[in-house]
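To start, the structure itself, in structure tokens.
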Amino acid sequence: MPLIKLTQKGAEAIAQSWTFMSLENMDETPPEGLGVTMPLAHYLDDSVQPIGTNSVGVRLAPDDDASLLEPHLESLQLIEITFPKYVDGRGFSQAQLLRRRYGYTGEIRAVGQVLRDEIDKMVRCGFDAFELSDDVNAPADVVIKEASRYANVYQPAANGATPIFGLRHARSRARSTAQ
Amino acid sequence: MYRYDEFDQGFVRDRVAQFRDQVSRRLSGELDEAHFKPLRLQNGVYLQLHAYMLRVAIPYGQLSSVQLRTLADIADKYDKGYGHFTTRQNIQYNWIALKDIPDVLEQLATVEMHAIQTSGNCIRNVTSDQFAGAAADEIEDPRPWCEILRQWSMVHPEFAALPRKFKIAVTAAEHDRAAVRVHDIGLHMKKNAAGEIGFEVIVGGGLGRTPYIGVTIKDWVSQAELLDYLEAIMRVYNLHGRRDNKYKARIKILVNELTPEEFTRQVEAEYAAQRDHEKIALPQDEIDRIAAYFAPPAFETLPETSAAFEEAKAKDEAFAIWAEMNLQPHKVPGYTSVTISLKPLGIAPGDATSDQMRVMADIAKAYSFDDIRVTHIQNLVLAHVKLDDLYNVFLALDDAGLGAANVDHGSDLICCPGLDYCNLANARSIPVAMDIQNMLAPRDKELGKLHINISGCINACGHHHVGHIGILGVDKKGEEFYQITFGGRADEKATIGDIAGPGLKQEDVTPALARVVDRYMALRKSPDDAFIDVLEREGHDPFKEALYAAD
Ligand code: SF4
């Protein structure tokens, strides 16, 4: 599965350094050196702990309440948001809440059916890593191209781009202060 | 009307480039149909029975003559020389090749148009009162807010994959011509106690297989709060709307399964949870900038009445009848709004040829401050015409086969494409509509106002639930039947019609409706006693009896 992460300079293919553990395989020892993501309910349940000292992340399902993570965000490096079907847009709202409302700064990774043509919207909602579907041919340069489809956009969103209405009036305000 | 600046222009160009790339990946086979489908839908491209169909957005139904002429050129170059105006105030081309669509979109972009989000599970084209900015009974022009909503909803990243399609309508008049109570969100502009204009927010209306009248979840939201309040509604819907069954996925189902009270509570909680840095807080500068585009044109100071108009009516009876049927009171003395009926006999309702589009464009340029509207009844409107010019306008229209006098009357019916074009249809709707029109047209004047709406299947694109008489095509063991409903209406007294009884065979529909209107004539107390009023007063029984009274 190609895994692409946005960087300061653009995007790059990265190696998989996390593994997902469901409740069923929670008592297995995860491979050394890999971080572990787990379902939200397990993450919030103190009695469920993976064996070993690996880093811990969360994998959200579409019907998970992302707001439950707010108290934990500072200690999280990775939140995976699942798209069982790419036409299910709940993950967009989850990412917006985490990134925009609660100010989460770690990685938000899209997993599941992740398609090239959704990347522009995902980036705006706060995703910065994409575990693309197997049949998607989108190396880093294509991801950058998709992420920058629109020079400007109409809405404020998690990635912080100034919306068009802001650009319009920043310009006119700049003009009026210059006069 | 609104004009694009370099940002709007850049945005539609970026969109065309994106879709051009997607189409070429589809044509090369890199994208399969399943993956291409949601992409093409959000660009207005459907796969129909015979060909691809392209639905072009006409935001809140507003067109200039240059735009209408471009639509005519596209009809000639890429289609069969005509277009079909829809109940979403859009236009559809039924015969268009996929490979040509990027070029069509490029051509549309040159006249500040697009096909973005005219279909798919996203926020669709915002609709409004076709007489906005002209109507005598509005408190303010709603179009600036429609344009604000258009921009807010354009490729909104969070609400691009909703459970189902999402339709918003705005009105600012007491008499609701935008059917706001049968939309996912209806906004009714009103004054609060302090005299400020804001929005009554109505949610969860809709037609389709489970029709609902929307409920008011907030009596009044200020202009400053509107977009953030809408974001709260959209987020609750996006996260909690049903995705397990496409027939239960519209927001109306969520509202009713939760109960309107609980839905409202969730929206209020989400709104309250928004933090300051999340607020859209559209600057007043931007509201003013957009509103300035809708400043009234340079109306002349004219007397209330026009001698030329009165004279022409006296000497030309056809004109007098047309003037009685097709005009709408205007807020400025000496002016009127003209509805051009696209329901003459023998034409599929809502169709116009490219030549007719050019004629209407020329007339609008010469006589209506270059301002044309598309109505959700599938007609066109010239918003601001001088009474003095009406006769010339009528003659020019009539010459082009556009002089039908029937607005809001029986033969001005709403009709979806049905089995002739649509792959979801159960039954034909266009031939049924034409047959009814033939029967009713000679009687329109005598019968007065009457709304007949026809859908070819339960998806209700022809709004049959809210017709005074609704007709729904159903399939019974391979045979087409038509179910009749009575008593629906889409205005401020919005009501879902009641099914009258067993479905009728196609050949029985027109004779049955003839008996129904005869019964109405027998029951009414005066010519002002309209069909819907008699129906509400006398009950449906006499009409049902007439419907099934075949010998
Ligand atoms: S109502 Fe049915 S038949 Fe008519 S256009 Fe809609 S989906 Fe097609």
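Computed from heavy atoms alone, side chains included, the values below leave out hydrogens, waters and symmetry copies. Keep in mind that what you see is a predicted model, and the values were worked out from it rather than measured. Order of the sequence lines fixes the chain letters, A, B, ..., with proteins taken first and strands second; residue numbering starts at 1 for each chain.
- At a 4.5 Å heavy-atom cutoff, Phe83(A) makes no contact with chain B through either its backbone or its side chain.
- In terms of heavy-atom pairs under 4.5 angstrom with chain A, the leader among Met154(B), Arg15(B), Glu278(B), His156(B) is Glu278(B).
- Between Glu158(B) and Arg100(A) there is no salt bridge, since none of the side-chain N atoms of the basic residue sits less than 4.0 Å from a carboxylate O of the acidic one.
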- request: Any chance you could lay out the side-chain hydrogen bond (donor to acceptor under 3.5 Å, both in side chains) test for Gln22(B) and Asp117(A), step after step, and finish with the verdict?
  value: CA-CA 8 Å; Gln22(B) 291 163 345; Asp117(A) 294 285; 2.8 Å; yes
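- For Tyr293(B), the OH atom counts as densely surrounded, since its 6.0 Å shell holds more than 12 non-hydrogen atoms of other residues, nucleotides or ligands.
- For Val87(A) against Ala161(B), the heavy-atom pair with the smallest separation is O-CB, 3.5 Å.
- Between chain B and the options Glu118(A), Gln94(A), Lys145(A), Arg116(A), heavy-atom pairs under 4.5 Å are most frequent for Arg116(A).
- Chain A forms more heavy-atom pairs under 4.5 Å with one residue of Ala160(B), Ser153(B), Ala273(B) than with any other, namely Ala273(B).
- When all heavy atoms of Phe165(A) and Ile280(B) are compared, the closest pair comes out as CZ-O, 3.6 Å.
- With values rounded to the nearest 0.5 angstrom, Asp32(B) atom CG is found 7.5 Å from Asp135(A) atom CG.
- Considering every non-hydrogen atom in both Asp8(B) and Tyr154(A), the closest pair reads OD1-OH, 2.5 Å.
- Contacts of Gln42(B) with chain A are absent, with no heavy-atom separation under 4.5 Å from either backbone or side chain.
- By the 6.0 Å contact criterion, CD on Gln16(A) is enclosed, its count of non-hydrogen atoms from other residues, nucleotides or ligands being greater than 12.
- For Lys248(B), the NZ atom sits in a loose shell: 12 or fewer heavy atoms of surrounding residues, nucleotides or ligands are nearer than 6.0 Å.
- Atom CZ of Phe92(A) is separated from atom CZ of Arg235(B) by 13.5 Å, given to the nearest 0.5 angstrom.
- Neither the backbone nor the side chain of Asp65(A) comes within contact range of chain B, judged by heavy atoms closer than 4.5 Å.
- A donor-acceptor pair under 3.5 Å is absent between the side-chain atoms of Gln18(B) and the main chain of Glu146(A), judged by distance alone.
- Between atom CD of residue Gln155(A) and atom CD of residue Glu231(B) there is a gap of 8.0 Å, rounded to the nearest 0.5 Å.
- The part of Ala17(B) that comes within reach of chain A is its backbone (N, CA, C, O), which places non-hydrogen atoms under 4.5 angstrom from that chain.
- In this structure, Lys279(B) places its NZ atom where more than 12 heavy-atom neighbours from other residues, nucleotides or ligands lie under 6.0 Å away.
- Taking chain B as the reference chain and counting heavy-atom pairs below 4.5 Å, the highest number among Arg101(A), Arg124(A), Gln96(A) is found for Arg101(A).
- At a 4.5 Å heavy-atom cutoff, His240(B) makes no contact with chain A through either its backbone or its side chain.
- Nearest heavy atom pair, residue Ile164(A) against residue Phe7(B), reads CG2-CB, 3.5 Å.
- Neither the backbone nor the side chain of Leu227(B) comes within contact range of chain A; no heavy atoms are under 4.5 Å apart.
- Ion pairing between a basic and an acidic side chain is recognised when a charged N comes within 4.0 Å of a carboxylate O; Arg275(B) and Glu70(A) show such pairing.
- Of the listed residues Glu30(B), His35(B), Met234(B), the one with more heavy-atom pairs under 4.5 angstrom with chain A than any other is His35(B).
- Ranked by heavy-atom pairs under 4.5 Å with chain A, the list Leu162(B), Leu282(B), Asp21(B) is led by Asp21(B).
- Across every non-hydrogen atom of Ser93(A) and Asn238(B), the tightest pair is OG-ND2, 2.9 Å.
- One finds the CG atom of Leu239(B) at 11.0 Å from the CG atom of Asp64(A) (value rounded to the nearest 0.5 Å).
- Heavy atoms closer than 4.5 Å to chain A are found nowhere in Arg13(B), neither backbone nor side chain.
- At a 4.5 Å heavy-atom cutoff, the contact between Ala151(A) and chain B is made by backbone and side-chain atoms alike.
- Within 6.0 Å of the CD atom in Glu33(B), the count of heavy atoms belonging to other residues, nucleotides or ligands exceeds 12.
- In terms of non-hydrogen atom pairs under 4.5 Å with chain B, the most contact-rich of Gln113(A), Met122(A), Lys121(A) is Lys121(A).
- For the residue pair Tyr86(A) and Ala34(B), the shortest heavy atom distance occurs at OH-O, 2.8 Å.
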